[in-house]
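Heads up, the thing below is written out as structure tokens.
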Amino acid sequence: MQAIVIMIICCVTLNDFTVKLFNLPTAVHFLPELLSGIVLLYVAIVGTRDGFRLVAPKYWFAIGAFAVLILCGVINNGTGTGPMLSGMRLYLRAMPMFFLAAVLPTSEQ
């Protein structure tokens, strides 16, 4: 899992540059979201096994407030599907990383 986290950090910082430099297909732009989806699956499986016992209630409140904010923005602005998904993709791809620290077993190494 630590290798995937390092890949996500590198991918987020270098993805646009490498796609333009090497003329890669546009589907490569979604690589950070794919890696974030893998982290989301890991968090969902391990977190439900533990019951998310290390996640403080204030984080659940913050996530809920963030979801309400997105929902109210979509309803209020009446945006189209394309801009809405593009904006949500930017904000929601980092969300599993916040929960990863609570469910990933750590060691001294």
Side-chain angles (χ1 to χ4, degrees):
M1 187 51 60
Q2 293 168 347
I4 290 179
V5 171
I6 292 172
M7 285 174 45
I8 289 173
I9 292 170
C10 292
C11 190
V12 166
T13 56
L14 299 173
N15 194 24
D16 290 334
F17 174 73
T18 54
V19 166
K20 290 178 184 175
L21 181 67
F22 297 115
N23 200 18
L24 298 174
T26 56
V28 179
H29 278 290
F30 298 108
L31 190 60
E33 286 80 9
L34 177 69
L35 293 173
S36 182
I38 293 170
V39 172
L40 179 66
L41 285 174
Y42 178 80
V43 167
I45 292 169
V46 175
T48 53
R49 196 177 317 150
D50 272 352
F52 290 103
R53 62 180 170 81
L54 295 177
V55 180
K58 62 182 176 182
Y59 293 113
W60 290 114
F61 179 72
I63 298 300
F66 190 65
V68 168
L69 182 68
I70 290 175
L71 183 67
C72 289
V74 168
I75 292 170
N76 189 30
N77 292 329
T79 58
T81 307
M84 180 182 65
L85 291 177
S86 177
M88 285 174 43
R89 177 178 73 101
L90 180 67
Y91 290 112
L92 295 179
R93 71 177 166 198
M95 198 64 65
M97 300 297 285
F98 291 104
F99 286 106
L100 184 63
V103 299
L104 185 67
T106 57
S107 67
E108 288 295 322
Q109 296 175 348

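All values derive from a computational prediction rather than experimental measurement.
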What one should report as the nearest heavy-atom pair of P32 and V12 is CB-CG2, 3.9 Å
Examine distances only and state if a side-chain atom of S86 and a backbone atom of G82 form a donor-acceptor pair shorter than 3.5 Å.
-> no
So do L92 and I70 actually touch side chain to side chain, heavy atoms under 4.5 Å?
-> yes
Group every Ile, Leu, Val, Met, Phe, Trp and Tyr by side-chain heavy-atom contacts under 4.5 Å, then state whether M97 and Y59 land in the same group.
-> yes
Indicate the atoms forming the closest heavy-atom contact of L54 with A102, along with that distance.
-> CD1-O, 3.3 Å
Drop me the distance from T81's OG1 to L85's CG, to the nearest 0.5 angstrom.
-> 6.5 Å
Atom of T48, atom of I45 and distance for their closest heavy-atom approach = OG1-O, 3.1 Å
Y42 and side chain to side chain contact (heavy atoms under 4.5 Å, CB included): which partner among V46, I38, V39, L40?
-> V46
For the student: nearest non-hydrogen atoms of S36 and R93, plus distance | OG-O, 2.5 Å
Go through the side-chain N and O atoms of H29 and N15 and say whether any donor and acceptor fall under 3.5 Å apart.
-> no
Which atom pair, heavy atoms only, marks the closest approach of V5 to L100?
-> CG2-CD2, 3.3 Å
Is a side-chain donor or acceptor of N77 paired with a backbone partner of G73 at a separation under 3.5 angstrom?
-> yes
Could you tell me whether F66 atom CZ has more than 12 heavy atoms of other residues or ligands within 6.0 Å of it?
-> yes
In terms of hydrophobic clustering (I, L, V, M, F, W, Y; side-chain heavy atoms under 4.5 Å; direct or indirect links), are F22 and F17 co-clustered?
-> yes
Classify the angle between the aromatic ring planes of W60 and F52 as parallel (below 30°), tilted (30 to 60°) or perpendicular (above 60°).
-> perpendicular
What heavy-atom pair brings I4 and L35 nearest, and what distance separates the two atoms?
-> CG2-O, 4.3 Å
